[in-house]
2 protein chains.
Amino acid sequence: MTEEKSSYHHGDLRAALLGAAEKVLAETGIEGFSLRRVAREVGVSHSAPAHHFGDTQGLLAALATEGFSRFLNAMQARQRVVETRDARALLTASGLGYLDFAQGSPALFQLMFGSERVDFCDQALDRAANAAFDHLAQDIARLRGVSPYQDDAAMADVMAAWSMVHGFAALLMAGRLKPVQAMDAPAREAYFTALFARVAP
Amino acid sequence: MTEEKSSYHHGDLRAALLGAAEKVLAETGIEGFSLRRVAREVGVSHSAPAHHFGDTQGLLAALATEGFSRFLNAMQARQRVVETRDARALLTASGLGYLDFAQGSPALFQLMFGSERVDFCDQALDRAANAAFDHLAQDIARLRGVSPYQDDAAMADVMAAWSMVHGFAALLMAGRLKPVQAMDAPAREAYFTALFARVAP
DNA sequence: ACCTCATCTGGACATTGACAAGATCAAGAT
DNA sequence: ATCTTGATCTTGTCAATGTCCAGATGAGGT
């Protein structure tokens, strides 16, 4: 974190831009996001980001890629504090991690799932997104004892679990789940856990 | 639909702007949406929309309001073609209508649920959104025989149903439900129906 | 010492949202 | 018949933005 703004070359501008971009995204939201503002935040010229990310889509794609990585971490973090190795408890933990991420980084969550500004043709992004989803698939595989990629019923479990968590998270972030929004964090978790149990009976 | 561009006053500019706005939204998406482009589409000066809607947020709020109205219509339309009066069949029909709307107007769907550019403080918008959700609540009420607003278990059913449909629709629109996207329309409907049945056992 | 090339700067251009002042016109008041 | 009022729409303007382009800078290899 040592400040060194003497040199013409920044040293690690790409990482600095990504960090600033996340800050700007969290502050202004997707719609208010601006390349020039990100550049200002870092203290470089307005067109410096272009060299590293091409255009706005490029920067947002990189940001979303990092987002999916943290998204995966959030699910794994919840699983790490689970005492048992019970497959159902681990699946629920992933769901709670899913919610943790959405509530902790709402703008990033929205960027990853609800924006046309991200280009999923980007290979790194697609890989990161698939890795996060594969994690849920593995949870189902552990629960069912068979890989969803080889068993249609298990794949249906995956789809049901994804849809349920994501719908709950998205509606909550959109402010459309008023009865749930009135709850405090522990009550909300318990409520979600009960709902989530329906998809993996 | 008679063209009359002779007069200085348009006659029903507000409606014309709303129609053009929906067209522009569908063509360019939310991020590419532009007030000036809408004005151009109607053949009117670039700041004419401001008088009717204030600013961009105002127009999008009006657009989202109309969207929720059609959203409700889509669910009701599916229910109308149901032969039986079976409560479960009617709930499923609502879910399929939910999907119809999302797939038929993806940009509008995204505007209504996933954009910060819409101001839900707008009363008309909030009323339209609540009306659409109340419809699902009534489906559950018919199924359970008790109003969700008076019974916590029934409200949990509503939350589960909302989360499931919305998650399925949102992930499908985001291109994240690859196994489902490969299906044709009838297969997709059958698949969703099977998933949806889990939340109302 | 020189070269090469990735990195970063500064200027330019078209487009946008918002604002302000004025033009146009319909409808009621006198 | 003329005036007034207010809603509707236009024109001009400003700052901000994304993208492109030519050029400045300097690190690392030859």
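One finds the CD atom of A/Gln79 at 10.0 Å from the CZ atom of A/Arg85 (value rounded to the nearest 0.5 Å). Rounded to the nearest 0.5 Å, atoms NE2 (A/His51) and CG (A/Leu17) are 12.0 Å apart.
Here the rule is side-chain contact (heavy atoms from CB on, under 4.5 Å) with B/Arg78, and of B/Asn73, B/Asp100, B/Leu90 only B/Asp100 fits it. Each of B/Phe196, B/Phe109, B/Phe71 was compared with B/His166 under the ring pair (Phe, Tyr, Trp, His ring centres under 6.0 Å) criterion, and only B/Phe109 meets it.
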| task | Determine, stepwise, if the pair A/Phe113 / A/Phe68 fulfils ring pair (Phe, Tyr, Trp, His ring centres under 6.0 Å). | result | CA-CA 10 Å; A/Phe113 290 101; A/Phe68 273 109; 5.6 Å; yes
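With sequence neighbours excluded, the residues that form a side chain to side chain donor-acceptor pair (under 3.5 Å) with B/Glu31 are A/Ser115. Remark: A/Gln181 pairs with no residue by the side chain to side chain donor-acceptor pair (under 3.5 Å) rule, at least two apart or across chains.
Applying a 4.0 Å cut-off to non-hydrogen atoms, the residues of residues 48-66 of chain A that approach DNA chain D are A/Asp55, A/Thr56, listed by residue number. Residues from residues 114-124 of chain A that place a heavy atom under 4.0 Å from any atom of DNA chain D: there are none. Of the residues in residues 14-34 of chain A, A/Phe33, A/Ser34 come within less than 4.0 Å of DNA chain D through at least one heavy atom, sorted by number.
In this structure a side-chain-to-backbone donor-acceptor pair under 3.5 Å is missing from A/Arg176 to A/Leu171. Of the possible donor and acceptor atoms, none in the side chain of B/Arg37 sits under 3.5 Å from a partner among the backbone N and O of B/Val24.
At a cut-off of 3.5 Å, with distance as the only test, no side-chain donor of B/Tyr191 or A/Asp152 sits close to an acceptor on the other residue. Side chains of A/Gln57 and A/Asp122: a donor-acceptor N/O pair is absent below 3.5 angstrom, by distance only.
Regarding A/Leu13, its CG atom lies at a distance of 15 Å from the P atom of D/dA27, rounded to whole Å. C/dT15 atom P lies 8 Å from atom CZ of B/Arg40, rounded to whole Å.
In the set C/dG10, C/dG17, D/dT19, C/dG10 carries the atom at the smallest distance from any side-chain atom of A/Ser45.
The nearest pair of heavy atoms linking A/Leu59 to A/Phe53 is N-CB, 3.5 Å.
In summary, B/Arg142 and B/Asp157 do not engage in a salt bridge, as defined by a charged side-chain N under 4.0 Å from a carboxylate O.
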Atom pairs, N/O to N/O, protein against nucleotides 13-15 of chain D, distance under 3.5 Å?
none

